[in-house]
Amino acid sequence: MHVLVLGGTAQARRLAALLVAELPAGARVTSSLAGRVAGPRLPPGEVRVGGFGGAGGLAAWLRTHRVDALIDATHPFAGTISFHAAAGAAAAHVPLLALRRPGWVPGPGDDWRPAASLDAAAAMLPALGRRVFLTTGRLGLAAFAGLDALWFLSRSVDAPEPPYPARMETLLDRGPFTLDGERELIRRHRIDILVTKDSGGAATAPKLAAAREARIPVVMVGRPPAPEGVSVAGTPEEAVTWLRAHLGHPD
């Protein structure tokens, strides 16, 4: 038995750990990482790094390595690979599951402003404030590069590359984050706008609670479209249940 996990997320690492622990002896669990983050946290099991060369390359890899099931556990905003996974799995006749954590939901006291894209988020900022906490990652900062009147605190795992805003301080850090830590960042940097992607999950959610407490608006960038007709699980445990149903009980 061979399971390929398209990973790079905390959920993907959790899933790999569950599969390595629960699959029978001799089974293989391979996690594929895109290679965009230097020094990634490696999951248990086998690991490969790099792309496949599109849907056709992925289909060929699935066939060559005799993969029995494919689980797409990539980031909710890594949209292209999810479509490649759907097409590649169909071409190779391999069962596919998407592990997609639920998106965040606003609660009482939240001031969320939806944005369809990073460009749309950037267009909203001048009317909302002057000091922006930007938590959208190191990619896509070009959307904010022309906002010279605003100051940005940009947080990412790795250092961004230009173009990016002229008035920007970079904070290199990796979640999970704490509510106390997020409160302190907002207070110390006098943040009056938070910009984030609807990634979901608990690891980076404290910034939303901190923004609510500080009564600052949150520009929430919505998720890109996902392939239709793909089975979806919300947790790694649900993904293991799906795998058991498709490949037999791995005990």
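As a basis for the values below, the full set of heavy atoms in this structure was taken, side chains included, without hydrogen atoms, waters or symmetry mates. None of these values were measured; they are calculated from a predicted model.
- Applying the side chain to side chain donor-acceptor pair (under 3.5 Å) definition to pairs two or more places apart or across chains, those involving residues 5-15 are Arg14-Glu237.
- By the 4.5 Å heavy-atom criterion applied to side chains, Ser32 and Leu4 are counted as neighbours.
- Looking at residues two or more places apart in sequence or on another chain, you find no salt bridge (Lys or Arg N to Asp or Glu O under 4.0 Å) involving Arg63.
- Listed by first and then second residue, the ring pair (Phe, Tyr, Trp, His ring centres under 6.0 Å) pairs that reach into residues 40-62 are Phe52-Trp61, Trp61-His65, sequence neighbours excluded.
- Here the straight-line distance linking atom CD1 of Ile191 with atom CG of Leu134 works out to 10.0 Å at 0.5 Å rounding.
- Looking only at side-chain heavy atoms (C-beta outward), Val219 and Val132 stay at 4.5 Å or farther from each other.
- Evaluation of the salt bridge (Lys or Arg N to Asp or Glu O under 4.0 Å) rule for Arg183 yields Asp180, Glu213 as partners, not counting sequence neighbours.
- Residues Thr196 and Phe133 have side chains not in contact (no heavy-atom distance under 4.5 Å, counting atoms from C-beta outward).
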Problem - Audit row: Ile216, Ile193, side chain to side chain contact (heavy atoms under 4.5 Å, CB included) steps and yes/no - result: CA-CA 6 Å; Ile216 63 175; Ile193 317 170; over 6 Å; no
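- Residues Ile186 and Ala211 share a closest heavy-atom pair of CD1-N, 3.9 Å.
- Phe77 has its side chain within reach of Val221: a pair of non-hydrogen atoms, C-beta onward, lies under 4.5 Å apart.
- The OG1 atom of Thr74 lies 11.5 Å from the CG atom of Leu33; values are rounded to the nearest 0.5 Å.
- Grouping the Ile, Leu, Val, Met, Phe, Trp and Tyr side chains by contacts below 4.5 angstrom, directly or via other members, places Leu6 apart from Leu15.
- Linking Ile, Leu, Val, Met, Phe, Trp and Tyr whenever their side-chain heavy atoms come within less than 4.5 Å puts Ile71 and Val20 in one cluster.
- Among residues two or more places apart in sequence or in another chain, the ring pair (Phe, Tyr, Trp, His ring centres under 6.0 Å) test is passed with Trp242 by His246.
- Placement of Phe83 and Leu70 in two distinct hydrophobic clusters is found when ILVMFWY residues are connected by side-chain heavy-atom separations under 4.5 Å, directly or transitively.
- Hydrophobic cluster membership is shared by Tyr164 and Leu147, with clusters built from Ile, Leu, Val, Met, Phe, Trp and Tyr side chains linked at under 4.5 angstrom.
- A heavy-atom distance below 4.5 Å is found between the side chains of Ser231 and Leu97.
- The shortest heavy-atom contact between Leu179 and Ala209 is CD1-CB, 3.8 Å.
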Exercise for the section: Please lay out, stage by stage, how Asp72 and Val230 fare under the test side chain to side chain contact (heavy atoms under 4.5 Å, CB included). Expected result: CA-CA 10 Å; Asp72 173 15; Val230 175; over 6 Å; no
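- Looking at heavy atoms from C-beta onward, Arg155 lies in side-chain contact with Leu185 at the 4.5 angstrom threshold.
- Here the CZ atom belonging to Arg167 is positioned 7.5 Å from the CG atom belonging to Leu150, to the nearest 0.5 angstrom.
- For residues 111-121, every residue pair satisfying the salt bridge (Lys or Arg N to Asp or Glu O under 4.0 Å) rule, not counting sequence neighbours, is listed here: Asp111-Arg113.
- Taking the ring pair (Phe, Tyr, Trp, His ring centres under 6.0 Å) definition, one finds that His84 meets it with nothing, sequence neighbours left out.
- Every pair passing salt bridge (Lys or Arg N to Asp or Glu O under 4.0 Å) that includes a residue from residues 192-212 is listed here, sequence neighbours excluded: Asp110-Arg212.
- The shortest heavy-atom contact between Arg101 and Pro76 is NH2-CD, 3.9 Å.
- Sorted by first and then second residue, the ring pair (Phe, Tyr, Trp, His ring centres under 6.0 Å) pairs involving residues 175-196 (not counting sequence neighbours) are Trp151-His189.
- Environment of CZ in Arg66: sparse, with no more than 12 heavy atoms of neighbouring residues, nucleotides or ligands closer than 6.0 Å.
- Linking Ile, Leu, Val, Met, Phe, Trp and Tyr residues whenever their side-chain heavy atoms come within less than 4.5 Å places Leu141 and Val195 in a single cluster.
- Taking all atoms of both residues into account, the shortest heavy-atom contact from Pro102 to Gly234 is CD-O, 4.0 Å.
- Taking CZ of Phe144 as the reference point, atom OG1 of Thr136 lies at 5.0 Å (rounded to 0.5 Å).
- With sequence neighbours excluded, no residue satisfies salt bridge (Lys or Arg N to Asp or Glu O under 4.0 Å) with Glu238.
- Between Gly201 and Trp104, the shortest heavy-atom distance links the atoms O-NE1, 2.9 Å.
- Residue pairs meeting the ring pair (Phe, Tyr, Trp, His ring centres under 6.0 Å) criterion with at least one member in residues 193-235, sequence neighbours excluded, do not occur.
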Exercise for the section: Check the pair Ser154, Leu171 against side chain to side chain contact (heavy atoms under 4.5 Å, CB included), reporting the backbone distance first and the verdict last. Expected result: CA-CA 6 Å; Ser154 176; Leu171 174 61; over 6 Å; no
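- When the salt bridge (Lys or Arg N to Asp or Glu O under 4.0 Å) test is applied to Arg223, no partner is found at least two apart in sequence or on another chain.
- The closest side-chain heavy-atom distance from His2 to Thr30 is below 4.5 Å.
- With a 4.5 Å cut-off on side-chain heavy atoms, Thr204 and Thr135 do not count as touching.
- Contact record, Ala55 with Ala87: CB-CB, 3.7 Å, taken as the closest heavy-atom pair.
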